[in-house]
Amino acid sequence: MNPRILVVEDEDKISDLLRRGLSYEGYRVDVARDGQTGLNLARDNPPDLVILDWMLPGMDGLEVCRRLRSGGPVPIIILTARDSVADRVIGLDAGADDYMIKPFSFDELLARLRALLRRASPQSPEVLKFADLTLDTGTRRAFRGERAIDLTAKEYELLELFMRNPRQVLTRDVIFDRVWSYDFGGESNIIEVYIRYLRQKLEGENEARLLHTVRGVGYVLREE
Ligand code: CA
């Protein structure tokens, strides 16, 4: 079955372009013109990836993103005309995995979409364990002890990379190459931003630090 892409976009020109372009590439495409319709479609036909406009009538893209995210780890690309780093971080905080600034190149969107889909499709499921962390690559669920950890698709990939390479220092270059295979537009602090997200989720109040910074080199998953 070809991947199903949900497009939530109120501008007809863009949604038509995406519907035609993505269908031509072999994807199954659903289009919604507003957030609520998008959420309904996502519930009825769970998509493999969502392309979500930020500025929507009624419920905005960020709220749609949060609600989609609470339903599971579907990759989400946000389309936005907003360009400041602060706005991008808000989008990532809301659970988006990537964003494209309008006007965007369709080829670049395709490249990012393929990268996200490739990473989202599990090979043979495994249960990875380190200390009291458990990662199920089949269900893409993470636990610390009994506590379920709610991860975005990118956070999941980052954690999986560390859990497949425990006690090894991973350089920023390696992390960038493995988790973001394309040019992120010079967003050089993206790894720090994601490490911070991951720590907030992994390391609760009375839980020991597992993700350590190796100054000037990178990061390592190890016990204290
Ligand atoms: Ca719009």
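Worth saying up front: this structure is predicted, and the values here are computed from it rather than measured. Counting starts at 1 for both ligands and their atoms, in listed order.
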**Study point:** Minimum-distance atom from the Ca ion (ligand 1) among N, O or S atoms of Asp10
**Key:**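 Considering only N, O and S atoms, Asp10 comes nearest to the Ca ion (ligand 1) through OD1.
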
Check your understanding: Looking at Asp53, which of its N, O or S atoms is the nearest one to the Ca ion (ligand 1)?
Key -> OD2

Practice item. Answer yes or no: is there an ion pair linking Asp30 with Arg4, defined by an N-O contact shorter than 4.0 Å? Key: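 Yes.
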
Check your understanding: With a 4.0 Å cut-off, would you call Arg112 and Asp98 a salt bridge?
Key ->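 Yes, Arg112 and Asp98 are salt-bridged.
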
Check your understanding: Without hydrogens or angle criteria, can the side chains of Arg20 and Ser15 be said to hold a donor-acceptor pair below 3.5 Å?
Key ->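 Per modelled atom types, Arg20 and Ser15 side chains form no pair under 3.5 Å.
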
Check your understanding: Is it the case that Thr37 and Asn40 place a side-chain donor and acceptor less than 3.5 Å from each other?
Key ->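 Asn40 and Thr37 do not have a side-chain donor-acceptor pair below 3.5 Å.
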
Point to revise | Short N/O/S contact of Glu11 with the Ca ion (ligand 1) (below 3.0 Å) | key: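 So Glu11 does not count as coordinating the Ca ion (ligand 1).
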
